[in-house]
Amino acid sequence: MLRYDFLKLICSVRRFSSHHKIMRPDDANIVGNVHGGIILKMIEEAGCIVGTRHCNAQSGDRCLAALVRVEKTEFLSPMFIGEVAHVTADITYTSQHSLEVQVEVIAEDILTGTKKLANKAALWYVPCSLQNVNKVMDVPPIKYASEVQEEQGRKRYEAQKLERRETKARTEMVLPPPPNPENPPKEKHTVGFSQSSLIHLVGPSDCTLLSYVHGGVTMKLMDEVAGIVAFRHCSTNIVTASVDAINFHRKINKGCVVTVTGRLTYVSERSMEIEVLVDASSLVEADQYRAVSAFFTFISLDKDNKPLKVPALEISGEEETRRFEEGKARYQQSKAKRNADRQPQK
């Protein structure tokens with residue numbers, strides 16, 4: 001009984017994690033805006049730390065928290081070179097084999113002392129055994145402030161589990177190859193003109209102790225590709241505005257080759273939605289698969305960081321039309337939610 005209470009105390013203490021990082025020139029674009037991928041990487045690292053600490057507070061095999069999903073993430077305020085990012089993570093729900101971590105990023109101007117909320121996100125992890133990467137460990141339960149809080153967490157858990165299954169089935173379709181760089185489409189503002197791919201060989205520095213890729217590394221590559229697509233479309237300074245749910249369908253192992261492909265799906269007057277898909281293949285075995293998928297939204301900015309109008313997207317064919325209409329529906333749903341959130345609470 002004493003041992004059980006002691007472990008409960010450890011789990012409670014280790015539910016929270018915080019770290020800080022000053023933004024440097026190599027974290028930002030040429031005009032000083034910090035890349036969204038850098039922020040996503042910090043968020044994932046904070047979630048992994050608190051999740052791993054929590055799951056190793058119990059006896060048994062040691063484990064490492066592996067990222068399986070990031071909920072829709074809004075980039076609320078831009079971050080700049082010289083500012084300090086304060087990243088805090090807290091475990092807000094646990095199921096038998098997974099845990100939800102809520103992360104906040106505060107940007108501080110250390111010259112003036114002013115602070116602003118730059119980003120907040122919810123991430124889902126599963127603990128994988130260090131002895132067997134394919135073995136998912138049990139997660140120690142946390143103590144909730146109320147039954148309502150626990151029930152709300154359970155609803156979020158069931159919703160994300162269902163959406164992950166649906167997204168995996170939808171995105172396993174083969175992605176058409178990117179345009180030949182030696183013979184690019186001549187028509188600007190088309191899907192093919194801006195579509196881009198990045199090929200990366202996974203090395204040891206990209207990987208966890210279990211020799212699969214850190215989720216934050218993958219998200220950073222995805223943001224880079226999406227940024228290239230957005231820049232090619234509008235030829236201005238661009239920044240990440242939000243990221244729709246990122247689903248990690250399968251692990252990417254050390255030594256794999258990953259192909260990260262981005263393509264425009266929808267363009268509004270002031271924003272661009274870009275679908276980013278990550279495919280992995282082994283150098284040794286004939287195994288190619290869809291590993292990660294997400295939608296990134298970018299906005300175009302002028303020299304004073306004010307939003308600019310985005311060129312319209314020229315679409316052609318049934319497939320591009322279908323993706324455009326689906327993107328438009330996501331945009332309208334997101335806009336309606338933002339408007340609802342702005343309404344004063346009665």
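For R270 (side chain) and P307 (main-chain N/O), a donor-acceptor pair under 3.5 Å exists by modelled atom type. T52 places no side-chain N or O within donor-acceptor distance of the main-chain N or O of I49, the cut-off being under 3.5 Å. Although no hydrogens or angles enter the test, the distance criterion places no donor-acceptor pair under 3.5 Å between the side chain of K41 and the main chain of T218. A donor-acceptor pair is defined here as one N or O able to donate and one able to accept, closer than 3.5 Å; such a pair exists between the side chain of T73 and the backbone of E71. Between the side chain of Y157 and the main chain of T94, no donor-acceptor pair closer than 3.5 Å is present. A donor-acceptor contact shorter than 3.5 Å links the side chain of E320 to the backbone of S316. Between the side chain of T167 and the backbone N or O of R165, no donor-acceptor pair lies under 3.5 Å. In this structure, the side chain of H214 does not engage the main chain of D206 through any donor-acceptor pair within 3.5 Å. In this structure a side-chain-to-backbone donor-acceptor pair under 3.5 Å is present from T265 to E273.
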Run the side-chain donor-acceptor check on residues 238-245: report pairs under 3.5 Å with partners two or more places apart or on a different chain.
| from | atom 1 | to | atom 2 | distance (Å) |
| --- | --- | --- | --- | --- |
| T240 | OG1 | D223 | OD1 | 2.7 |

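Linking Ile, Leu, Val, Met, Phe, Trp and Tyr residues whenever their side-chain heavy atoms come within less than 4.5 Å places V258 and L67 in a single cluster.
Counting heavy-atom neighbours within 6.0 Å of I30 CD1, excluding the residue itself, gives a total of 12 or less.
Under a cutoff of 6.0 Å and an axis angle of 45°, R330 and F295 form a cation-pi pair. For K251 and Y212, the positive end sits near the middle of the six-membered ring, less than 6.0 Å away and at most 45° from its axis.
By the 30° and 60° cut-offs, the orientation of the rings of W124 relative to Y93 is perpendicular. Note: H189 and H233 have perpendicular aromatic rings, judged against thresholds of 30 and 60 degrees for the angle between ring planes. Note: Y266 and Y331 have tilted aromatic rings, judged against thresholds of 30 and 60 degrees for the angle between ring planes.
Listed here is the closest heavy atom pair of I81 and A28: CG1-CB, 3.6 Å. For the residue pair C55 and L99, the shortest heavy atom distance occurs at SG-CD2, 3.9 Å.
T259 and S197 share no side-chain donor-acceptor pair at under 3.5 Å. With hydrogens and angles left out, the side-chain atoms of N247 and R69 include a donor and acceptor closer than 3.5 Å. Under 3.5 Å, the side chains of S300 and T236 contain a donor-acceptor pair of N or O atoms.
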Evaluate the criterion side chain to side chain contact (heavy atoms under 4.5 Å, CB included) for residue pair R290 and R250; output intermediate values, then yes/no. CA-CA 7 Å; R290 179 62 42 77; R250 288 179 59 180; over 6 Å; no
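For K220 and E224, the salt-bridge test passes: some basic side-chain N is under 4.0 Å from an acidic carboxylate O. One finds no salt bridge joining R154 and E158 here, because no Lys/Arg side-chain nitrogen approaches an Asp/Glu carboxylate oxygen to under 4.0 Å.
The salt bridge (Lys or Arg N to Asp or Glu O under 4.0 Å) contacts involving residues 291-313 comprise nothing, where partners must be two or more places apart or lie in separate chains.
The side chain to side chain contact (heavy atoms under 4.5 Å, CB included) with I199 is formed by just one residue from the set T261, V260, V257; it is V257.
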